[in-house]
Colleague: 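Right, I'll just put the structure down here and ask away after.
In what follows, residues are counted from 1 in the order of the sequence shown. Note that the coordinates shown come from a computational prediction; the quantities given were computed from them, not determined experimentally.
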Amino acid sequence: MRIFTKTKAAVVGALLASTSMVQAADVEVLHWWTSGGEAAALNVLKQDLEGQSVGWQDMPVAGGGGEQAMTVLRARVTAGNPPTAVQALGFDILDWANQGALANLNDVAAKEGWDEVVPDALKAFAKADGKWVSAPVNVHSTNWVWANKAVLDANGIAQPTNWDEFVSAVEALKAAGVTPIAHGGQAWQDATVFDAVAMGALGPDGYKAAFIDLDSETLGSDAMKTAFDRMAFIRDNVDDNFSGRDWNLATAMVINGEAGFQMMGDWAKGEFLNAGKVPGEDFLCFRFPGTAEQVTFNADQFMMFDQGGEVSTEQAALASAILSPSFQSAFNVVKGSVPARTDVSDADFDACGKQGMKDLAAAASSGNLFGSMAHGHAAPASVKNAVYDVVTAHFNGEYDSETAVQELVDAVDIAK
């Protein structure tokens with residue numbers, strides 16, 4: 001999924017050329033799910049549609065946070081030939097809806113009762129001006145840590161519950177000659193780690209003030225400096241080859257016992273499962289130390305593009321399939337995420353999945369569910385990208401922590 005050698009221009013050209021081959025009864029789906037675990041999960045949706053005699057025209061575009069896919073999408077829309085459906089996140093969906101580019105799915109939603117079973121936090125991105133414009137597939141939470149249990153056991157390390165215990169665990173692995181933290185040096189991955197680190201350092205009220213309310217005082221606080229100091233510690237404990245590494249290759253380092261920990265969203269679990277690993281036996285999943293009661297989330301959705309003023313039969317079939325309880329269970333069991341519907345049983349989910357569903361419900365009811373800054377669910381793309389720039393520059397040593405705090409304040413002020 002993340003190994004992408006063609007130029008953007010070449011990819012755009014190839015996809016534009018391919019549109020003539022799409023059959024009328026197909027859904028043409030643009031997405032960035034191509035790692036092993038993601039491809040296995042997506043196959044669940046393909047098979048569901050095949051059972052309804054709806055064909056699938058696959059348009060995978062590699063790139064961890066979907067940036068490459070959005071570049072391709074803009075070219076398709078500009079050419080007047082948008083795909084049937086596009087995987088998208090958060091504010092990106094609302095941006096397209098505000099441009100009047102998306103189909104109105106209200107008839108499908110009303111028929112199947114989406115309003116009663118989809119949490120408000122997801123509806124905030126799936127609906128615009130009272131219209132359903134996308135179908136939520138899942139809820140991913142981003143403040144997870146993944147650990148190789150055998151590596152931890154061999155070094156006498158217990159699952160850390162706070163920052164100090166995490167520091168001790170990392171230092172023990174380093175002393176043993178094990179890479180403590182597997183990481184891929186890409187802006188969205190740096191920001192994903194920062195999401196969890198900032199939540200732990202600022203607390204939930206501080207996180208909301210900084211990244212949702214965009215409060216300058218909180219962005220420039222001592223607690224924010226602590227967050228950057230902790231990022232510097234993490235940077236000191238990744239291997240020398242981290243730069244540019246795709247996230248699933250970092251996950252493979254943990255799977256293979258080459259590293260102890262990875263901070264990554266719960267899509268990482270799909271890689272462990274695809275490798276035949278069992279939660280609790282081969283690997284551990286737990287909230288980033290200091291964020292046990294909080295859940296930062298993103299939600300993959302498929303937005304449907306307006307293709308003549310009416311929702312096509314194929315679009316309706318795709319939307320209906322995505323929100324069906326059976327699909328929500330089958331897909332998320334494989335993907336590592338949890339259902340976008342609140343009425344799906346956890347019976348088929350493994351230990352990490354059950355914990356994820358429990359955590360999500362608890363966080364939603366206690367006011368501890370927050371849209372992820374790193375994944376476009378806290379602030380618009382302009383702000384997200386500004387934070388990316390500062391976080392990555394600091395992670396790569398361009399700024400010390402004190403300078404990074406001031407750069408963050410300035411960057412967000414300009415972007416908002």
Colleague: Name all residues meeting the ring-ring contact (aromatic ring centres under 6.0 Å, His included) criterion together with F242; count only those two or more places apart in sequence or in a different chain, and write none if there are none.
Modeller: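 Listed in chain order: F395.
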Colleague: Tell me, please, which residues at least two apart from F166 pass ring-ring contact (aromatic ring centres under 6.0 Å, His included).
Modeller: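 In terms of ring-ring contact (aromatic ring centres under 6.0 Å, His included), with neighbours along the sequence ignored, F166 is linked to W163, F261, F288.
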Colleague: Using salt bridge (charged side-chain N to carboxylate O under 4.0 Å, His left out) as the criterion, list what pairs up with D229, not counting sequence neighbours.
Modeller: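 By the salt bridge (charged side-chain N to carboxylate O under 4.0 Å, His left out) rule, D229 matches K225.
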Colleague: Do the side-chain N and O atoms of T192 and T142 include a donor-acceptor pair separated by under 3.5 angstrom?
Modeller: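 Result is no, nothing qualifies.
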Colleague: Between the side chain of T291 and the main-chain N/O of R287, is any donor-acceptor distance below 3.5 Å?
Modeller: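 Not confirmed, T291 side chain does not pair with R287 backbone.
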Colleague: Are any of the side-chain heavy atoms of V295 and N368 separated by less than 4.5 Å?
Modeller: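 No, side chains not in contact.
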Colleague: Do Q87 side-chain atoms and W32 backbone N/O form a donor-acceptor pair below 3.5 Å?
Modeller: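 Such a contact is found between Q87 side chain and W32 backbone.
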Colleague: Would you list the pairs meeting side chain to side chain donor-acceptor pair (under 3.5 Å) in which at least one residue belongs to residues 321-334, sequence neighbours left out?
Modeller: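 Qualifying pairs: N332-S337.
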Colleague: State which residues pass ring-ring contact (aromatic ring centres under 6.0 Å, His included) with F228; sequence neighbours excluded, sorted by chain then number.
Modeller: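 Per chain and number, F228 pairs via ring-ring contact (aromatic ring centres under 6.0 Å, His included) with F194, H394.
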Colleague: D239: what forms a salt bridge (charged side-chain N to carboxylate O under 4.0 Å, His left out) with it, not counting sequence neighbours?
Modeller: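 Only R245 meet the salt bridge (charged side-chain N to carboxylate O under 4.0 Å, His left out) criterion with D239.
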Colleague: Using atom types as modelled, flag every donor-acceptor pair under 3.5 Å from a side chain in residues 204-214 to any protein atom, sequence neighbours excluded.
Modeller:
| residue | atom | partner | partner atom | Å |
| --- | --- | --- | --- | --- |
| Y207 | OH | D195 | OD1 | 2.7 |
| Y207 | OH | M373 | N | 3.0 |
| K208 | NZ | D213 | OD1 | 3.2 |
| K208 | NZ | D213 | OD2 | 3.0 |

Colleague: Within a strict 4.5 Å, meaning less than it, do heavy atoms of the D95 and M70 side chains meet?
Modeller: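 A side-chain contact under 4.5 Å is absent here.
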Colleague: Does the plane of the ring in F331 sit parallel, tilted or perpendicular to the ring in W33? Use 30° and 60° as the thresholds.
Modeller: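 Because their plane-to-plane angle lies in the 30° to 60° range, the rings of F331 and W33 count as tilted.
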Colleague: May I ask you to test the L273-D350 pair for a side-chain heavy-atom distance under 4.5 Å?
Modeller: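 Contact flag for L273/D350 side chains = yes.
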Colleague: With sequence neighbours excluded, what pairs up with H377 under the ring-ring contact (aromatic ring centres under 6.0 Å, His included) test?
Modeller: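 Applying ring-ring contact (aromatic ring centres under 6.0 Å, His included) to H377 gives F125, F297.
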Colleague: Is there side-chain contact between F305 and L102, with at least one heavy-atom pair below 4.5 Å?
Modeller: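 F305 reaches L102 side chain to side chain.
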Colleague: Consider only side-chain N and O atoms of E258 and N148, and report whether a donor and an acceptor are under 3.5 Å apart.
Modeller: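 Looking only at side-chain atoms, N148 and E258 do not form any donor-acceptor pair under 3.5 Å.
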Colleague: If the condition is salt bridge (charged side-chain N to carboxylate O under 4.0 Å, His left out), which residues does D115 pass it with, not counting sequence neighbours?
Modeller: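 Testing D115 for salt bridge (charged side-chain N to carboxylate O under 4.0 Å, His left out), a comparison that skips the adjacent residues, returns K123, K127.
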Colleague: Could you check, using the six-membered ring where one of them is a Trp, whether F272 and W144 have ring centers closer than 6.0 angstrom?
Modeller: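 Centroid separation for F272 and W144: 6.0 Å or greater.
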Colleague: Going by the side chain to side chain donor-acceptor pair (under 3.5 Å) test, which pairs reach into residues 40-51, not counting sequence neighbours?
Modeller: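 Non-adjacent pairs meeting side chain to side chain donor-acceptor pair (under 3.5 Å): D48-Q52.
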Colleague: Taking atom types as modelled, find out whether Q301 and S134 have a side-chain donor-acceptor pair closer than 3.5 angstrom.
Modeller: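 Note: Q301 and S134 side chains meet the donor-acceptor criterion.
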Colleague: Could you walk me through whether V108 and W132 pass side-chain contact (heavy atoms from CB on, under 4.5 Å), step by step?
Modeller: CA-CA 9 Å; V108 179; W132 281 89; over 6 Å; no
Colleague: Just wondering, are more than 12 heavy atoms of other shown residues or ligands nearer than 6.0 Å to CD in Q99?
Modeller: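 For Q99, atom CD is crowded (more than 12 foreign heavy atoms under 6.0 Å).
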Colleague: Can any side-chain N or O of N274 pair as donor or acceptor with the backbone N or O of G270 at less than 3.5 Å?
Modeller: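 Here the side-chain-to-backbone pair does not exist.
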Colleague: Is it true that R341 and D343 make a salt bridge, defined as a side-chain N closer than 4.0 Å to a carboxylate O?
Modeller: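 Here R341 pairs with D343 in a salt bridge, since their nearest N and O are under 4.0 Å apart.
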Colleague: Give me the ring orientation class for H140 and W267: parallel if the planes are under 30° apart, tilted from 30 to 60°, perpendicular past 60°.
Modeller: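 Geometry flag for W267 against H140: perpendicular rings.
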Colleague: Can you check whether A362's main-chain N or O pairs, donor with acceptor, with S366's side chain at less than 3.5 Å?
Modeller: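 Checking the backbone N and O of A362 against the side chain of S366, a donor-acceptor pair under 3.5 Å is found.
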Colleague: Name all pairs fulfilling the salt bridge (Lys or Arg N to Asp or Glu O under 4.0 Å) condition that reach into residues 145-167, sequence neighbours left out, sorted by first residue then second.
Modeller: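 Those involving residues 145-167 are K149-D153.
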Colleague: R235: which residues meet the salt bridge (charged side-chain N to carboxylate O under 4.0 Å, His left out) condition with it, sequence neighbours left out?
Modeller: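 Once residues adjacent in sequence are excluded, R235 has no partner under the salt bridge (charged side-chain N to carboxylate O under 4.0 Å, His left out) criterion.
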Colleague: Heavy-atom distance under 4.5 Å between the side chains of L318 and V54, does that happen here?
Modeller: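 SC-SC contact between L318 and V54 ruled out.
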Colleague: Decide yes or no for H183 and Q189: does some side-chain heavy atom of the first lie under 4.5 Å from some side-chain heavy atom of the second?
Modeller: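 Yes. Closest side-chain heavy atoms under 4.5 Å.
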Colleague: Do Q307 side-chain atoms and P83 backbone N/O form a donor-acceptor pair below 3.5 Å?
Modeller: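 A pair under 3.5 Å: yes.
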